[in-house]
Amino acid sequence: MNGLRAEAVSRYLAWAKLHSNARFNLAASGITDYPLAELPVQIKDLEIGGTGPYGYEPLMDRLARKASVPKECVVYTLGASMANFVALTAMVHPGDEVLLEQPTYDPMLAVLHHLGAKVHRFRRHAKDGFQLRVEELEGQLTPRTRLVVLCNLHNPSSAFTNDDTLRQIGAMAAKIGARVLVDEVYLEALFDQPWRSAFHLGPNFVVTSSLTKAYGLSGIRCGWILAEPELVHRMWQVVDFTYGSPVHPAELLAVIALDNLARVRERARMLLETNRVLLNEFLASHPDLESEPSHFGTTVFPRLRKGHAADFVKTLREKYETSVVPGEFFEEPEHFRIGFCGATETVRGGLERLGSALEIFP
Ligand SMILES: Cc1ncc(COP(=O)(O)O)c(C=O)c1O
């Protein structure tokens with residue numbers, strides 16, 4: 001046994017790491033890796049050790065500039081995973097009431113259990129395209145709610161929540177002295193429209209994000225939290241549990257990637273644009289899958305109209321060498337998540353196999 005509570009385990013991440021691999025991987029939600037050789041980097045640009053106990057200053061400058069916030073509001077983390085862990089640990093005490101969306105990114109729920117939070121849920125419904133409904137959330141707020149947690153774009157559906165809706169939620173939370181944590185890791189993939197972080201919507205917003213999903217830079221692990229300076233200090237105390245000094249070569253690579261983000265972004269934008277056309281054609285011609293066409297993000301979360309989705313997903317992987325994420329990991333067992341952010345040939349091949357599997361199933 002270990003020191004984790006039984007429910008404080010992310011079954012989804014264990015599955016994603018150990019069992020999601022397949023010849024045609026439609027389980028991933030992040031753009032396929034950007035080739036290092038395409039970044040203007042040479043070995044002389046890298047160094048083992050550097051200065052900046054909570055982040056290399058040139059990197060902190062760039063992150064602050066990117067988010068249009070003062071540097072004092074940025075916590076550097078290893079990916080959005082660490083950002084969420086650090087932010088939640090700094091804000092949630094045992095017994096605190098936390099309101100979390102459902103379906104959710106499973107590690108959010110696991111970390112909240114780990115922290116001993118009382119987790120309440122508000123639903124996003126498939127019939128609404130998993131759009132966030134303010135009244136649904138308001139119905140679950142209580143005077144004891146300390147924190148509201150959601151993702152924008154939503155994982156697994158990629159539903160987009162606009163600023164007006166977020167502002168209303170921020171105001172409702174502020175009335176009872178609660179904060180709102182918005183995980184914006186997929187918002188970075190909104191390439192075709194200007195957006196600003198929810199951090200700018202009010203002082204009770206805390207935001208987590210990273211360069212991992214939208215740019216194919218997962219291996220660099222560049223993540224961040226945006227928070228009020230007083231909270232930043234508390235978050236650093238949590239960071240102290242995780243490292244003495246940051247991984248400097250990764251910081252240097254992140255600086256180079258940020259300085260060349262326009263080209264990294266363009267490659268991701270073109271890939272997603274091409275793949276989204278394939279996906280939407282596929283969805284339109286497969287009525288066994290209930291799903292709106294994709295407009296945002298890197299994933300869709302259709303419902304299988306026939307048979308058991310878990311059996312279908314299993315058959316798809318075993319007989320058709322194609323993986324998608326079972327809906328059970330998002331508490332929606334009739335659904336599964338399709339990621340269309342791999343190489344176009346992989347996405348095309350995976351969708352063809354998905355179509356063949358649907359023909360013979362159940
Ligand atoms: C909503 C959400 N937040 C955070 C993460 C973790 O991101 P990172 O790779 O930056 O650690 C993921 C990964 O799937 C995610 O879906």
Side-chain angles (χ1 to χ4, degrees), residues 10-21 25-34 63 66-67 74-89 100-112 124 130 132 148-161 180-190 197-198 206-226 239 242-243 246-247 250-251 253-254 257-258 264 268 296-301 323-327 329-332 336-342:
S10 174
R11 285 180 53 245
Y12 164 57
L13 267 194
W15 176 87
K17 286 177 174 170
L18 299 173
H19 303 295
S20 71
N21 204 18
N25 186 334
L26 303 182
S29 64
I31 295 282
T32 191
D33 289 340
Y34 192 84
L63 292 178
K66 181 174 184 318
V74 184
V75 179
Y76 169 64
T77 61
L78 300 180
S81 302
M82 179 173 159
N84 285 332
F85 180 77
V86 169
L88 289 172
T89 306
L100 172 67
E101 66 189 358
Q102 180 175 353
T104 188
Y105 175 56
D106 173 68
M108 289 286 199
L109 183 58
V111 171
L112 287 170
R124 289 174 180 254
F130 294 99
L132 206 153
V148 176
V149 181
L150 56 100
C151 294
N152 192 28
L153 310 174
H154 178 230
N155 185 4
S157 67
S158 297
F160 168 69
T161 305
V180 183
L181 172 64
V182 186
D183 176 328
E184 294 184 345
V185 75
Y186 296 104
L187 207 50
E188 294 282 327
L190 277 197
S197 168
V206 174
V207 159
T208 53
S209 194
S210 76
L211 296 182
T212 65
K213 295 292 173 185
Y215 304 106
L217 298 172
S218 181
I220 297 180
R221 294 278 96 209
C222 177
W224 60 89
I225 307 168
L226 307 179
V239 169
T242 66
Y243 63 67
V247 187
E251 292 178 311
L253 283 171
L258 284 163
V264 180
F296 306 112
T298 57
T299 61
V300 285
F301 195 49
S323 64
V324 293
V325 182
F329 293 125
F330 296 98
E331 305 163 279
E332 295 280 358
F336 58 87
R337 192 186 77 183
I338 303 175
F340 53 97
C341 39

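In listed order, ligands and their atoms are each counted from 1.
Between the N152 side chain and the T161 main chain, a donor and an acceptor come within less than 3.5 Å of each other. A donor-acceptor pair under 3.5 Å is absent between the side-chain atoms of T104 and the main chain of D106, judged by distance alone. With E101 contributing its side chain and C151 its backbone, the two residues share a donor-acceptor pair below 3.5 Å. The backbone N or O of A27 sits less than 3.5 Å from a side-chain atom of R337, completing a donor-acceptor pair.
Residue pairs meeting the side chain to side chain donor-acceptor pair (under 3.5 Å) criterion with at least one member in residues 209-225, sequence neighbours excluded: S29-K213, E188-Y215, S210-T212, S218-R221.
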Are there any protein N or O atoms under 3.5 Å from the N or O atoms of ligand 1? List them with distances, or say none.
unit_1: ligand 1; atom_1: 3 (N); unit_2: D183; atom_2: OD2; d: 2.5
unit_1: ligand 1; atom_1: 9 (O); unit_2: T212; atom_2: OG1; d: 3.1
unit_1: ligand 1; atom_1: 9 (O); unit_2: R221; atom_2: NH2; d: 2.8
unit_1: ligand 1; atom_1: 10 (O); unit_2: A80; atom_2: N; d: 2.7
unit_1: ligand 1; atom_1: 10 (O); unit_2: S210; atom_2: OG; d: 2.8
unit_1: ligand 1; atom_1: 10 (O); unit_2: T212; atom_2: OG1; d: 2.8
unit_1: ligand 1; atom_1: 11 (O); unit_2: A80; atom_2: N; d: 3.3
unit_1: ligand 1; atom_1: 11 (O); unit_2: S81; atom_2: N; d: 2.9
unit_1: ligand 1; atom_1: 11 (O); unit_2: S81; atom_2: OG; d: 2.5
unit_1: ligand 1; atom_1: 11 (O); unit_2: R221; atom_2: NH1; d: 2.8
unit_1: ligand 1; atom_1: 14 (O); unit_2: Y186; atom_2: OH; d: 3.4
unit_1: ligand 1; atom_1: 14 (O); unit_2: K213; atom_2: NZ; d: 2.8
unit_1: ligand 1; atom_1: 16 (O); unit_2: N155; atom_2: ND2; d: 2.7
unit_1: ligand 1; atom_1: 16 (O); unit_2: Y186; atom_2: OH; d: 2.6

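Remark: aromatic rings of Y12 and F330 are close, center separation under 6.0 Å.
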